[in-house]
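Each chain gets a letter, A, B and so on, in the order its sequence line appears, and its residues count up from 1. Everything numeric in this text was worked out from a predicted model, so none of it was measured.
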Amino acid sequence: MSKKPMIASVWLGGCAGCHMSLLDIDERIVALMELADIGAMPITDFKLGGFPMADVGLVEGAVCNTDNIKFLEEIRAKSKFLVSLGDCAGWGCVPFMRNFFPLNQVLEHGYIWSSSTVDGFIPDDKELPRYLDKVQPIREFVKVDFHIPGCPPSADTIFHVVHELVSGRVPNGIPQPLLHFD
Amino acid sequence: MPADVKTDTITLTIDGKACQGAKGQTILEVAKANGVDIPTLCHHPWLTNHGACRMCVVEVEGQRRLVTSCAAPAEDGQVVVAHNEKLSLMRQMTLELLFAERNHICPFCPSSGACELQERGYEEGITHTRYQYLFPVLEPDCSNAFFVQDHNRCILCGRCVRACQEVVGQGTLNFGSRGTKQMVIADLGVPIGESSCISCGTCVDVCPTGALFDKRAPYFGKGGGLVRKMVVCPDDDMGCSMNAVLKSGILARCEGTDEAKVNGPLLSRRSRYEILNEATPRITTPKVRNEFGALVDTDWDTALAAAAKALYEGAANCHCNQQAVVGLVSGRLPKETLASFQQFITGPCDSADVDTLFGRQRQVKRAAKDLFGDVTECGYDAIHDADMVLLVGFDPCRTHQVLGTWLAGKRFNEQCPIVSINARQSEVTQLATVDIKPRRGCEHEVLLGLLCQLNEQGKLRGHVEQSQKDRWKAYNPDRVAAEAHIEAKDIKKAAKLYAKAKNPVVLYGPELGALRNPNLIGLLWDLVRLSGHVTADGALRARGFETEANAAAAEQLGLIGADPSTASVIYMLTGDDPFEPTAQLVEDLRQAGTVILQASHECSVMAHADIVLPSLKWSERAGTWVNVMGLEQTFEACTILPAGVRGDEEVLAALAEGMAKAAAEAAETAEQA
Ligand code: SF4
Ligand code: SF4
Ligand code: SF4
Ligand code: SF4
Ligand code: FES
């Protein structure tokens, strides 16, 4: 028996909503598991460098910091087919809204001025990833083979695309009823 | 088939389909009429075509370049391709560029689900844009009270600019700068709330994206599941109509529709926005005044019984010196309700005193007709055609806003002069070429002054008695100016403008009626008649407007006068009329034995009411409205009644029944005695 295709997924600057929507495929996950294995998900505890080789890589979230870039580059390098999952990854979406303000203003807001903060400061430990000046969709950093828009994409849309891919077919776009940007 | 029709018919092939059209149509129009769908963005059926977005590009055989079908004239024999792979790629590219140019965050956008850019994106199967975002930092303009302009979502299609110019005639919106810096701006780049914008909201209606959106209903007014119902604007007698947009039965907003017979897609600030505000709480429970003088909630049966008893006793008392029952009804209610109310007052209540709240305005005009003979006044056509407008006691910018908007368009686009004679502060001042503000009560002198001038200049063509002429002579500009506290040169200028115009129109309004002087109306008619300004079908180029939406219906029904000053019972059915009682009426309400108020919202009359019955508001009413020109229109109700509220006519029927019962009981008691 030939090996089942491998799916790996990651989230960058996103809200987990897209992965929630992936789980919303409900019992269809059983059908999917018969066709494919899942090698990595945001809930599996792996470090940078720990991604499995995958046939289908799914990326949720926009690129906001230097760690996002590293994870993105790794999953890209290890995935035959990379899918951008959701509006954050594909369009920028909510995280992108910080682009309207200068970075230091955003950080000050978050770490110093927010009402729940006492003696706040902007964390600057060397271990921490650096924020990028502008949030960008993932296609600005790596080649993306397929985009699923939506915030989040509906479970049906995700299932349709992933099911096609693990069945060895590349979908020709997204059928209109399954296509939405919001 | 007549020959001229035949030569006008053209046939072209679009996507292989033979499509019939008429000369002068665009390729897009012919395609649409023949069921061929061509995607568009900047095209809008209310507006001229601009060819800005290039979504509608098609290939035309024999032409090297792609053609924008919304702007290109259809020609006989043309072979057009509207859909193929190349065109699809072009459209995709166009859309992706639009998405990359500004900041589109659909999940965060109030128009998502009803956005034409998004819709086109779905049709073309766009899943992302291949271009780098420009990330412009653009501040939304929230300065207008009713809508927001968020430039982040603007695709510069120019629909708003064209609507503001072509539909509204206001020309507030425009394009500023060029290239990637291009922006829609208001006036010379001021915040829209500080601009010449009149908040008609037409630009919001036509915007294909979320760049212009309604503040009140941003997140429930768009998307699927919307129901649109045409309703009449109840705020004046123009007969304007609009679409009420409902989601799950809840009023989301009002929209213009080109099916509106009088106003087309143009709405006013009042009919689009202010109508949705409810300034005071809704009355949903009947109330009666208790022995301590307080209005307290009660049930329908108790309130109806109390009202029926008061009305019965009031009607039975009519042999006394007092008027028995006096009925006052809002003239914004449907004709059917007006008729039922009239029948109720004249029938069971046995009284002739029934009129609308603003009936006195109509009385003045009726008196003028009695005094000076019946005249036919002109229709909207003559107003649209006019090359000079004389407003007397009329502030359409405040009371008849769509007319006010038309006049603004005439003033600024056609250089049509506007003269206003009005003692009151009026918003029309900003439009007026000559703004005459006489001392209150001196409008008469000003009109005589005008006639005097026209006479002296030999502009009066009709026959005038010498005695009449002698009388006018006395009203020379200096004398009138001194008496009316105005400037003599303004009278001269006004007379000159009127005399010079070929088709001037005189419009008078509620503020003239409020002067209660039929002679003023007679003078106006004289002025127009003697100057020979009569339309082809014999109508005077003059028109009087009323406050009440159904004033004409009330007139048809013969609601011609009520005197509440000696009434024992005053029954007022006001619905949601925002009317404020005059000092005299307040006094009458105080003197009356019983005041019954049937109103939808709490109002100042409540302070004088002994019994309060809930009533309907505009969106809950159905029936017929007759506008100032006699146009009859019928509309359905668009929202359902809140719990506890009963229909106006149902209440009238219940009252009639209650009165019959009270009569029977009285007869029984009399018999027993
Ligand atoms: S696209 Fe929407 S649901 Fe998905 S991660 Fe971003 S914000 Fe969350
Ligand atoms: S305007 Fe249209 S495309 Fe732009 S964010 Fe709003 S819904 Fe999306
Ligand atoms: S609301 Fe009316 S007047 Fe104001 S900008 Fe829009 S179209 Fe023009
Ligand atoms: S605001 Fe709306 S209507 Fe006006 S140009 Fe922009 S997208 Fe078009
Ligand atoms: S719709 Fe024709 S160019 Fe925009």
Which bit of [X] comes within less than 4.5 Å of chain A, counting heavy atoms only: side chain, backbone, both or neither?
X        : value
B/Glu139 : neither
B/Phe135 : side chain
B/Ile126 : both

Turns out that what part of A/Pro175 lies under 4.5 Å from chain B's heavy atoms comes down to neither

If one checks every heavy atom of A/Phe101 against chain B at 4.5 Å, the contacting part turns out to be neither

- Query: Is any NZ, NE, NH1 or NH2 atom of the basic residue among A/Glu73 and A/Arg76 found under 4.0 Å from an Asp or Glu carboxylate oxygen of the other?
  - Reply: no

Basic-acidic side-chain contact under 4.0 Å: B/Arg253, B/Glu255: yes

Per-residue tally against chain A (heavy atom, under 4.5 Å) across B/Asn103, B/Thr127, B/Thr129 peaks at B/Thr127

Close side-chain approach of B/Arg102 to B/Ile155, heavy-atom, < 4.5 Å: no

Are B/Phe99 and A/Trp91 close enough that their ring centers fall under 6.0 Å? yes

Is the ring pair B/Tyr133/A/Phe96 parallel, tilted or perpendicular, if the boundaries are 30 and 60 degrees?
perpendicular

